[in-house]
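Down below is the structure, laid out as structure tokens.
Computed from heavy atoms alone, side chains included, the values below leave out hydrogens, waters and symmetry copies. Below, read A as the first sequence line, B as the second, and so on, with proteins coming before strands; counting in each chain starts at 1.
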There are 2 protein chains.
Amino acid sequence: MPHRDDSVETIQQEMTAFARRARATAARMHPELSLVSYTLLAHLDDQRGCRATDLAAHYFLDKSTVSRQIAALEKLGFVERRVDPDDHRVQVLHPTEKGAQVLANVTASRRQAFHERLADWDETDLDRFATYLRRYNAAQERLG
Amino acid sequence: MPHRDDSVETIQQEMTAFARRARATAARMHPELSLVSYTLLAHLDDQRGCRATDLAAHYFLDKSTVSRQIAALEKLGFVERRVDPDDHRVQVLHPTEKGAQVLANVTASRRQAFHERLADWDETDLDRFATYLRRYNAAQERLG
DNA sequence: TAGATGTAGTTGTAGAGTACAACGTAAGCG
DNA sequence: CGCTTACGTTGTACTCTACAACTACATCTA
């Protein structure tokens, strides 16, 4: 068993390497929907609609960034805005039929890529890895 | 124990979430050295010098991107170029004294942040998590 | 109810990161 | 020598992003 410091060092290096590559990989795999757009659209789908402000808070993005991303998704016909009748400042965002369809395609293809990468892992390892990642990200959210 | 598919789904989501945040976090923590610059400089330090082409291949970056990144690092005085006496096309890149110093600072601070995030993990979990990440990244490199 | 304060979202601007294409220069090889 | 290949730079364009200024609406308070 390696010393605690060595493990932390490895985790740091590997997480960094992964992050460095994620965007390029995503762009190569899905030119029609960038990593950011995908994530935002997936969140809308998952939450059955939410506000731009919620997206910004959840992904640590500036509201202007979200505003432009949403505008782009709307232009592509992937997202629609419904003004909240109780508060006219608020726009509740939803994936359109078309947006949901594209999202489903990209999700399926991403899922397949992950399945390929993890094909030779046994269930115990998969389960543990998933748990560790969730735990790590939760800690990061908590600590900034 | 969850089904294989659920674990894969979680791994996908968490890895994506992590990637989405890594750049912004790095920028917040180290305005003086972006995630990309840091990674390149660290690779130079690790390899005790290498060529721009090697960096491009290793990080799946276009050679023009590397060229500009290195130019920026040179302007900051963090990297120096040594023309290979045997092949005048080649520039072997090295961190300068100053570059190595900054790198050491950022590395130390990153290491501390990771230690904080992982403070309440026991050694067995750390070791397993490190192993899983290494295995995952190796698979990704192999499969593209 | 009028004015202050707060919240949601957009737009102007600027900068980083990136890719692709075109180019210059230097080897390497027939 | 001239063809091809390898290394690197530069021009150009696009995406993502933040910050600041702004509009519009809502809510609170005196």
Considering every strand and a 4.0 Å limit on heavy-atom distances, what is the contact class for B:Y59: base, sugar-phosphate, or nothing? nothing
Distances under 3.5 Å between nitrogen or oxygen atoms of protein and nucleotides 23-28 of chain D:
unit_1 : atom_1 : unit_2 : atom_2 : d
D:dA26 : OP1    : A:H88  : N      : 3.0

Contact list (N/O, under 3.5 angstrom) for nucleotides 9-11 of chain D vs protein:
unit_1 : atom_1 : unit_2 : atom_2 : d
D:dT9  : OP1    : B:R81  : NH1    : 2.6
D:dT9  : OP2    : B:S67  : OG     : 2.5
D:dT9  : O5'    : B:S67  : OG     : 3.4
D:dG11 : N7     : B:R68  : NH2    : 3.4
D:dG11 : O6     : B:R68  : NH2    : 2.2

What is the distance from atom NE2 of B:H3 to atom CG of A:L126, rounded to the nearest 0.5 Å? 10.5 Å
Output the distance between atom CZ (B:R128) and atom CG (B:L133), rounded to the nearest 0.5 Å. 14.0 Å
Between D:dC16 (C1') and A:L55 (CG): distance, integer Å: 16 Å
Would you sort out whether A:S37 and A:S34 count as a side-chain hydrogen bond (donor to acceptor under 3.5 Å, both in side chains), showing the intermediate values? CA-CA 5 Å; A:S37 306; A:S34 79; 3.1 Å; yes
Taking 4.0 angstrom as the limit, do A:D125 and B:R135 come out as a salt bridge? yes
Could I get the full list of salt bridge (charged side-chain N to carboxylate O under 4.0 Å, His left out) partners for A:E80, not counting sequence neighbours? A:R82
Not counting sequence neighbours, which residues clear salt bridge (charged side-chain N to carboxylate O under 4.0 Å, His left out) with B:D62? List them please. none
Got a sec, which pairs hit ring-ring contact (aromatic ring centres under 6.0 Å, His included) with one end in residues 92-117 of chain B, sequence neighbours left out? none
Considering only heavy atoms, which members of residues 34-47 of chain B lie under 4.0 Å from some atom of DNA chain D? none
Which hydrophobic side chains are connected to A:F60, either touching it within the sub-4.5 Å cutoff or through other members that do? none
Under 4.5 Å between side-chain heavy atoms, chaining through other members, with only Ile, Leu, Val, Met, Phe, Trp and Tyr counted: pull out the rest of the cluster around B:L76, sorted by chain and number. B:L33, B:V36, B:Y38, B:L40, B:L41, B:L44, B:L55, B:Y59, B:L61, B:V66, B:I70, B:L73, B:F78, B:V79, B:L93, B:V102, B:L103, B:V106
Whether A:D54 side chain and A:R51 backbone form a donor-acceptor pair below 3.5 Å: yes
Along DNA chain C, first and last positions that approach a heavy atom of chain A under 4.0 Å: C:dG6 to C:dT18
Applying side chain to side chain donor-acceptor pair (under 3.5 Å), name anything that partners A:E74, two or more places apart in sequence or on another chain. A:R81
List in chain and number order the residues that pass side chain to side chain donor-acceptor pair (under 3.5 Å) with A:Q101, two or more places apart in sequence or in another chain; answer none if no residue qualifies. none
Applying salt bridge (charged side-chain N to carboxylate O under 4.0 Å, His left out) as the test, list every pair that has at least one member in residues 88-97 of chain B; sequence neighbours left out. B:D87-B:R89
